[in-house]
Amino acid sequence: MSAPAKQRLVVIGNGMAGCRAVQEVLKRDPDRYEIAIFGAEPRVNYDRIMLSPVLAGEKAFADIVINDEAWYRDNGIALHTGRAALAIDRQTRVVRAEGGLEVGYDRLLLAVGSDPIRLPLPGADLAGVVTFRDLDDVEAMVAAAARPGARAVVIGGGLLGIEAAYGLVRRGMAATVVHLMDVLMERQLDASASFLLADALAARGVETVLDAQSEEIVGEDGRVAGLRLKDGRVLPCDLLVMAVGIRPNTALAKAAGLDVARGVVVDDGMVTSDPSILAVGECVEHRGQCYGLVAPIWEMCRAVGGTLTDQDAAYAGSVLSTRLKVSGVDVFSAGKFSGGEGCEDIVFRDAGRGVYKRVVLEAGRVAGAVLFGDAADGAWYFDLMRSGADVADIRETLIFGQSVTEGLRGLDPSAAVAAMADQTEVCGCNGVCKGAITGAIVSQGLMTLEDVRAVTKASASCGSCTPLVEKLLKLTLGESFQAQTGPKPVCGCTHRGHDETRQRIVAEGLKSIPAVMQALEWTTADGCASCRPALNYYLLCAWPGDYRDDRQSRFINERAHANIQKDGTFSVVPRMWGGMTSAAELRAIADVVDKFEIPAVKVTGGQRIDLLGVQKDDLPAVWADLNAAGMVSGHAYAKGLRTVKTCVGSDWCRFGTQDSTGLGIRLEKFMWGSWTPAKVKLGVSGCPRNCAEATCKDIGVVCVDSGYEIHIGGAAGLHIQGTELLTKVATEEEAVWTVCAVTQFYRENAWYLERIYKWMPRIGLGAIRAEVEDPERRRALHDRFAYSQRFSRIDPWAERVAGRDSHEFNPLSRRLEFAPV
Amino acid sequence: MNAHVLDPTTWTDVGAVTDIPLRGARRVPSPRGAVAIFRTGDGEVFALRDACPHKGGPLSQGIVHGRAVACPLHNWSIDLATGEPMGADRGKGCAPVIALQVREGRLLLGEA
Ligand code: SRM
Ligand SMILES: Cc1cc2nc3c(=O)[nH]c(=O)nc-3n(C[C@H](O)[C@H](O)[C@H](O)COP(=O)(O)OP(=O)(O)OC[C@H]3O[C@@H](n4cnc5c(N)ncnc54)[C@H](O)[C@@H]3O)c2cc1C
Ligand code: SF4
Ligand code: FES
């Protein structure tokens, strides 16, 4: 009896999916099919994901071959390399390939992967513009890198772009990644992890330019010479890699009349709209989803193997996880990484080791994780996530990873802590084990968290283990333990107080909000509406001219440079230096009021005029008119210098001892635009009758015959409080120096939102006096203030009139015709 | 993405996701009051009617933090996914959720 004729299986695509699918078939039924594979690439099947290490020179092509020629031969597979399939005739069941070759099939498997997207930028067809997909691309990049001094620009800050840039740097090139978004790998990482990644890449020589839109590829003699960004910057380069995404290869399927959406549409058995044709890999769309990673492809291949051997097989979609393949940079991401209703974020930072971990829980189950710097537990979180395991009972120790948590499962939180082995590490930052802590509590009679911190250093750094240490105290001491508080934390996102935060920003040279959050081990991913404005101010104060203001961390008034009113309109208060105005200014104000139909005009308690009820969209136009008449923002909205109230002084008043109006104007003109922890109001009175109410201002100057009294710490709002006399000086010059010095001391020293009248009693009037009465310290403070003012004395209105932040003032789109639901 | 009660039949393109700054919001005016579209630090987008359940404050002007916005008028925290006040003000009304879709980087608002 002769063996029944074998069925013919033709596979188009000799890549990761095609060959793995064949392996899955052979595993189940090695004799069923006569197999032919078409591959457009002129080589055997290799591990595409390892092209990154090949590019980096860490591996050779031979190391990444998955199936060598012997494999095809031993399994009787006819391999047609370097031959792209050109057409499928579903009527006659024939595949036609390059070179006129035609092969008939009983079952056909499409595994044609995807194509890298080429941005249609001007210059995209220049020599030296490449994508990153196959070995030919790698060889082109390696060749370009061989030229001494060659530079590369990679468009795209996703996994592929970063790996390309890293590989090129390893090959001796200078490489810059240009990314459209302000977060690297934004589908996988949050802003905190992206910040750390950018840092780690910089340390490895890969530069990143975020928030950058590519406009044109600049050429020279037909070769790429640089990339021009929309903001006008040109990044010179000899090689330009586009790594901006992939598009499933659907041309063959479409031409053959198969159902195609974004990819070739398949059912759970991986069968296309033609029952004899299957598809697998990046070219498919399954349940509306396309994939660009291998893990789901392996799962699809199992289903293909089943379907092709008549076994039950169903692919149900995949949950994804990502790891970055850059040596020494441990990055893992899976699932969702942002909280939401019923979600809980557990964040752990270890500044010493550069670790950031964020696990998102949803309804008591792991819904996602982002790990940076230590991704050892990635697989464990991923398993917990996929299995949907209830983790309520290991919530306390979850963030410390598998080794700490294992064995504690099933116990209630206190029992779990009690059951922890003595050698289990509790404080990762300082390497303190449970036994050391409980031992110290007992032997040294420790009673408080502070005691434990002082003696063992546990919980003294990032504080993430504080709840655990408190539990240990409670367990060891029983009822006698009382939770204790240290200095008032900035907010619920941290255990750090304001002073420590400010000091470390300066001492450690921290220059961005994510940098502070990492170094000070914030316990939330991106802070809150309390800490972000505070950090933004602290950074601005510490690094004048250097720090880029984070507008999204500012309250609306400071973002829009006007005060929001109860109906959502805004008020506009121009400066009136020292309360002086003129006919021209008043006329301009009147014209603006008429032109924009501003409903209310009011004289404020601060000696100037408030225009109330301005529509937000009108603000830039209103400001433009006021600017044209020489007026600038009065910062009536700012945690910054507000008004300088004056009286008429020696110019007119029969009691005036000095030119109080002139001094007020001089102070305001020097100090306007400065940002301060809370608002600062000044008053200058020409004599002790004090008509400018200087002694209830933050800083008040009272002129007397012999000179100037400088008072501070007054208030007349929620609290009525007279000032204290700080010091007395003889000349106007010294009065200005002293006022600036005390302002700078306050700027550098106070907590955010703490006005001078609260700051002064906290640190003591004597301490402030010591600063401003010492000529050298006074001079240094004054000079630092003056330096900072070089970057602050800029009218924010004029900047907005010139177009800055225009999205703030324009609605996203024209008015809709319908009411959205 | 927002959960919505009504299933819109038409979708209108109102701009690109990247037109909204991360941790920011933009307004879209409409006949029945403006819609606020928010983008979180993690890049998620949400749409709510631009009126705080407390006293109608324009939520689009608030500080976006995590998956919430702090109302600019009296600092209630509003959950972007549900429009409901969080914390102590939970249960005191809500800002209606507006149907929003992202397709190929574009923001689409739904019309019933
Ligand atoms: C417009 C004005 C009232 C007026 O019609 O005169 C005013 C209006 C507001 N004041 Fe005031 N204050 C105004 C002079 C004052 C004064 C009088 C003064 O400056 O001589 C005081 C008492 C002096 C003081 O500051 O100690 C004053 C003490 C306050 C306080 C209490 C501050 C405190 O620490 O005790 C607040 C609340 C706050 O800041 O948290 C406040 C807050 C406000 C806010 C910003 C409320 C808010 O958050 O929206 C109001 C903004 C309205 C707007 O959109 O313009 N306003 N406010 C005055 C503007 C002055 C200016 O030209 O810039
Ligand atoms: C540099 C790089 C790094 C990566 N790193 C990772 C990673 O770390 N983790 C991860 O999960 N994924 C990674 N990926 C993605 C992963 O490689 C892909 O998801 C996977 O290779 C897709 O498999 P596939 O078989 O669908 O497509 P491919 O592997 O691309 O195979 C398709 C094959 O079909 C051929 N072909 C196309 N059209 C025809 C035709 N008409 N006739 C004949 N042959 C044709 C192509 O030439 C190609 O060889 C990486 C990809 C790259 C490029
Ligand atoms: S006193 Fe109260 S109501 Fe009047 S402006 Fe000041 S904050 Fe507003
Ligand atoms: S109106 Fe939003 S908090 Fe009051």
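Worth saying up front: this structure is predicted, and the values here are computed from it rather than measured. Per chain, numbering begins at 1; letters A, B, ... match sequence-line order.
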Checklist outcome for this item: Looking only at B:Met86, B:His74, B:Arg32, the option with the highest number of non-hydrogen pairs under 4.5 Å against chain A is B:Arg32
Checklist entry - Above 12 or not: heavy atoms from other molecules or residues under 6.0 Å from CZ of A:Arg118? => result yes
Item to check | Contact summary for A:Ser813 and B:Pro29, nearest pair of heavy atoms | outcome: O-CD, 3.5 Å
Checklist entry - Using non-hydrogen atoms only, which part of A:Glu808 is less than 4.5 Å away from chain B: side chain, backbone, both, or neither? => result side chain
Checklist outcome for this item: When the 4.5 angstrom heavy-atom criterion is applied to B:Leu73 and chain A, the contacting part is side chain
Next on the checklist: Evaluate B:Arg67 against A:Asp345 for salt bridge (charged side-chain N to carboxylate O under 4.0 Å, His left out), listing each step before the verdict.
Outcome noted: CA-CA 11 Å; B:Arg67 241 198 201 182; A:Asp345 242 348; over 6 Å; no
Checklist entry - Got a salt bridge between A:Asp617 and B:Arg27, using NZ or NE/NH1/NH2 to carboxylate O under 4.0 Å? => result yes
Item to check | CZ (A:Arg247) with more than 12 external heavy atoms under 6.0 Å | outcome: no
Checklist entry - Which pair of heavy atoms, one from B:Ile63 and one from A:Phe555, lies closest together, and at what distance? => result CD1-N, 3.7 Å
Next on the checklist: Please give me the minimum heavy-atom distance between B:Gly110 and A:Phe818, naming the atom from each residue.
Outcome noted: O-CE1, 3.7 Å
Item to check | Closest non-hydrogen atom pair, A:Arg559 against B:Gly62 | outcome: NH2-O, 3.1 Å
Checklist entry - Which atom names give the shortest non-hydrogen contact between B:Pro21 and A:His807, and what distance separates them? => result CG-CE1, 3.6 Å
Checklist outcome for this item: In terms of heavy-atom contacts, B:Asp42 and A:Arg358 come closest through OD2-NH2, 3.1 Å
Checklist entry - Do B:Pro31 and A:Arg815 have side-chain heavy atoms sitting under 4.5 Å apart? => result yes
Checklist entry - Looking only at atom types and distance, does a side-chain atom of B:Arg26 sit under 3.5 Å from a main-chain N or O of A:Asn810, one as donor and one as acceptor? => result yes
Item to check | A:Gln552 vs B:Val64, side-chain contact (heavy atoms from CB on, under 4.5 Å): CA-CA, chis, key distance, verdict | outcome: CA-CA 8 Å; A:Gln552 298 314 137; B:Val64 177; 6.0 Å; no
Item to check | Side chain to side chain, A:Arg532 and B:Arg23, heavy atoms closer than 4.5 Å | outcome: yes
Item to check | Steps toward salt bridge (charged side-chain N to carboxylate O under 4.0 Å, His left out) verdict (B:Lys55, A:Asp567) | outcome: CA-CA 9 Å; B:Lys55 292 192 173 174; A:Asp567 60 356; over 6 Å; no
Item to check | Residue part contacting chain A, namely of B:Val69, when any heavy atom lies under 4.5 Å | outcome: neither
Next on the checklist: What I'd like to find out is whether the side chain of B:Val35 reaches to under 4.5 Å of the side chain of A:Leu812, using heavy atoms alone.
Outcome noted: no
Next on the checklist: Taking A:Ile556's backbone N and O only, do any of them form a donor-acceptor pair with B:Gln61's side chain (distance below 3.5 Å, no angle check)?
Outcome noted: no
Item to check | Under 4.5 Å from a heavy atom of chain B, the part of A:Ala529 involved | outcome: both
Checklist outcome for this item: In this structure, NE2 of B:His65 is separated from SG of A:Cys493 (nearest 0.5 Å) by 9.0 Å
Item to check | Residues of residues 185-197 of chain A near chain B, each having a heavy atom less than 4.5 Å away | outcome: A:Asp190, A:Ala191
